[in-house]
Amino acid sequence: EAERSRVFLMIWTRKEAVIKAIGGGLSIPLQSFSVAADTDGNNALKRLDLPGERLGEWSVHGIDGLPGSVAALALDAPSCTLDWLAPEAAFA
């Protein structure tokens, strides 16, 4: 049950990142695109069926390393590498 909840939160957070990045909020049908939960750092966006948007123009990445948190980032950049600073390094 705990794993199921964790995967749901990962998917929901990634979908939320997409609708916020595109700018439509919950007016964007959540079934119009798909994200993966387990991506090993690769693009989690797997399908995008929205007028005026192309799959190859977006990427979605989970943000790891935040204990007790689930986070994601959606970018209008199809391929990118994200490097994260440890939270304690960001405030040093």
Side-chain angles (χ1 to χ4, degrees):
E1 187 59 36
E3 178 66 9
R4 183 178 169 158
S5 293
R6 185 184 74 78
V7 170
F8 171 81
L9 287 174
M10 289 172 67
I11 291 171
W12 175 261
T13 302
R14 291 171 185 189
K15 283 194 166 232
E16 185 177 21
V18 171
I19 63 176
K20 286 181 177 180
I22 290 174
L26 288 175
S27 67
I28 295 175
L30 296 177
Q31 69 272 19
S32 65
F33 63 98
S34 298
V35 296
D38 189 15
T39 62
D40 295 328
N42 296 316
N43 188 355
L45 188 61
K46 300 303 175 191
R47 181 179 59 86
L48 182 62
D49 299 326
L50 290 170
E53 303 295 343
R54 290 189 12 218
L55 179 63
E57 296 173 348
W58 288 93
S59 62
V60 177
H61 302 274
I63 299 173
D64 299 323
L66 302 171
S69 299
V70 178
L73 179 65
L75 301 165
D76 58 350
S79 61
C80 61
T81 302
L82 302 176
D83 293 317
W84 304 104
L85 292 175
E88 58 276 4
F91 298 104

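By convention here, the first residue in the shown sequence is residue 1.
- Annotation: side chain of Trp58 is not in contact with side chain of Val18 (no heavy-atom distance under 4.5 Å).
- Between the side chain of Arg6 and the backbone N or O of Val70, no donor-acceptor pair lies under 3.5 Å.
- Taking both residues in full, the closest heavy atoms of Ala17 and Ala74 are given as O-CB, 3.4 Å, listed atom of the first, atom of the second, then distance.
- To the nearest 0.5 Å, the span separating NZ on Lys15 from CG on Leu45 amounts to 9.5 Å.
- Inter-residue side-chain proximity for Leu55 and Phe33 is flagged as unmet; no heavy-atom pair is nearer than 4.5 Å.
- Looking at every heavy atom in both residues, Arg47 comes nearest to Gln31 through NH2-O, 2.8 Å.
- Here the shortest heavy-atom pairing between Ala77 and Ser59 reads O-OG, 2.6 Å.
- Atom CD1 of Ile22 is separated from atom CD1 of Ile28 by 4.5 Å, given to the nearest 0.5 angstrom.
- The minimum heavy-atom distance linking Ala72 with Arg14 is given by the pair CB-CG, 3.7 Å.
- Linking ILVMFWY side-chain heavy atoms closer than 4.5 Å, directly or via other members, places Leu75 and Ile63 in a single hydrophobic cluster.
- Between Val60 and the options Asn43, Asn42, Thr13, a side-chain contact (heavy atoms from CB on, under 4.5 Å) holds for only Asn43.
- In this structure, Leu26 CG and Lys20 NZ are separated by 9.0 Å, a value rounded to the nearest 0.5 Å.
- Clustering ILVMFWY residues whenever any of their side-chain heavy atoms sit less than 4.5 angstrom apart, transitively, puts Leu73 in a cluster other than the one holding Leu9.
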